[in-house]
Amino acid sequence: MEPTRNCPLFGGAFSAILPSGAIDVSDLRPVPDNQEVFCHPVTDQSLIIELLELQAHVQGEAAARYHFEDVGGVQGARAVHVLSVQPLCLENLSLRGCCQDAWFLSGKQQVAKENQQVRAKVAKDVTLHQALLRLPQYQTDLLLTFNQPPCRSRSLGPENLSCPPWSLGNFEQLVTSLTLHDPNLFGPQ
């Protein structure tokens, strides 16, 4: 398993430090152009980096809650529950020069997944951690999501011991290391 690495994102317009073992989901299935999605090689954990339209009608903590509830709606969550919302210190971000506002939210969503064995939808609680970085000069809300479903390894064999589950520290490193290299990604300003 390769060590933690700095990875180009969105065709090199951004880069960030990804945790060990991160698999680019676009190598496995189509991913929308506004997203970068990575999955853990053993657990069901995932990391999503999304470029979204700036939601100027919501400000501060309400903006973080808005995006959390929006993700829940897209996933068909039966219930969404915010555990905490805190401002992020801009000084700790590589994007501090262009990020006007940043928030960290932790919450739970009850998401129904198809259970092939019983041919029914089974609800499971998924813990989500989200960082919202607001880039108004680019009309963009940058949303980073760390999905932590209930811990279930695909295989507990010795080959998977080299890649432990990702931690909140791994997600924080992704958020703080995210760097913009080419603002032309956002079009003419």
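Predicted model, so just to flag it, every value in this text is computed and none were measured.
At least one side-chain heavy atom of L95 sits under 4.5 Å from a side-chain heavy atom of L142. Residues L180 and Y138 form a side-chain contact, since some pair of their non-hydrogen atoms from C-beta on lies under 4.5 Å apart. Inter-residue side-chain proximity for L144 and E50 is flagged as unmet; no heavy-atom pair is nearer than 4.5 Å. With a 4.5 Å cut-off on side-chain heavy atoms, L174 and I17 do not count as touching. F38 has its side chain within reach of D24: a pair of non-hydrogen atoms, C-beta onward, lies under 4.5 Å apart. Looking at heavy atoms from C-beta onward, D182 lies out of side-chain contact with F14 at the 4.5 angstrom threshold. At least one side-chain heavy atom of C99 sits less than 4.5 Å from a side-chain heavy atom of L90. Inter-residue side-chain proximity for H57 and Y66 is flagged as met; some heavy-atom pair is nearer than 4.5 Å.
Both L93 and F171 sit in one connected hydrophobic cluster of ILVMFWY residues. Membership requires side-chain heavy atoms under 4.5 Å apart, directly or through other members. Residues L128 and V25 do not share a hydrophobic cluster, clusters being chains of Ile/Leu/Val/Met/Phe/Trp/Tyr side chains in contact below 4.5 Å. Linking Ile, Leu, Val, Met, Phe, Trp and Tyr residues whenever their side-chain heavy atoms come within less than 4.5 Å places L185 and L9 in a single cluster.
Side chain to side chain, H181 and S15 meet the donor-acceptor criterion of an N or O pair below 3.5 Å. With no hydrogens or angles considered, a side-chain donor-acceptor pair links Q148 and H129 at under 3.5 Å. For the residue pair N92 / T176, no side-chain donor-acceptor distance below 3.5 Å is found, with atom types taken as modelled.
Ion pair E61/R65 flagged as a salt bridge, since at least one NZ, NE, NH1 or NH2 atom sits closer than 4.0 Å to an Asp/Glu carboxylate oxygen. Ionic pairing of R134 and D141 is present here: one or more N-O contacts between side-chain nitrogen and carboxylate oxygen are shorter than 4.0 angstrom.
Within the 3.5 Å criterion, the main-chain N or O of F10 finds a donor-acceptor partner in the side chain of E36.
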- Task: Begin from the C-alpha positions of L132 and F104 and carry the test side chain to side chain contact (heavy atoms under 4.5 Å, CB included) through to its verdict.
- Result: CA-CA 7 Å; L132 174 62; F104 184 85; over 6 Å; no
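Under a cut-off of 6.0 angstrom, the local environment of CG in D33 is sparse, with at most 12 non-hydrogen atoms contributed by other residues, nucleotides or ligands.
Taking the six-membered ring where tryptophan is involved, the planes of W166 and F146 are tilted, since the angle between them lies from 30° to 60°.
Of all the heavy atoms in G72 and V80, the pair that sits closest is CA-CG1, 4.1 Å.
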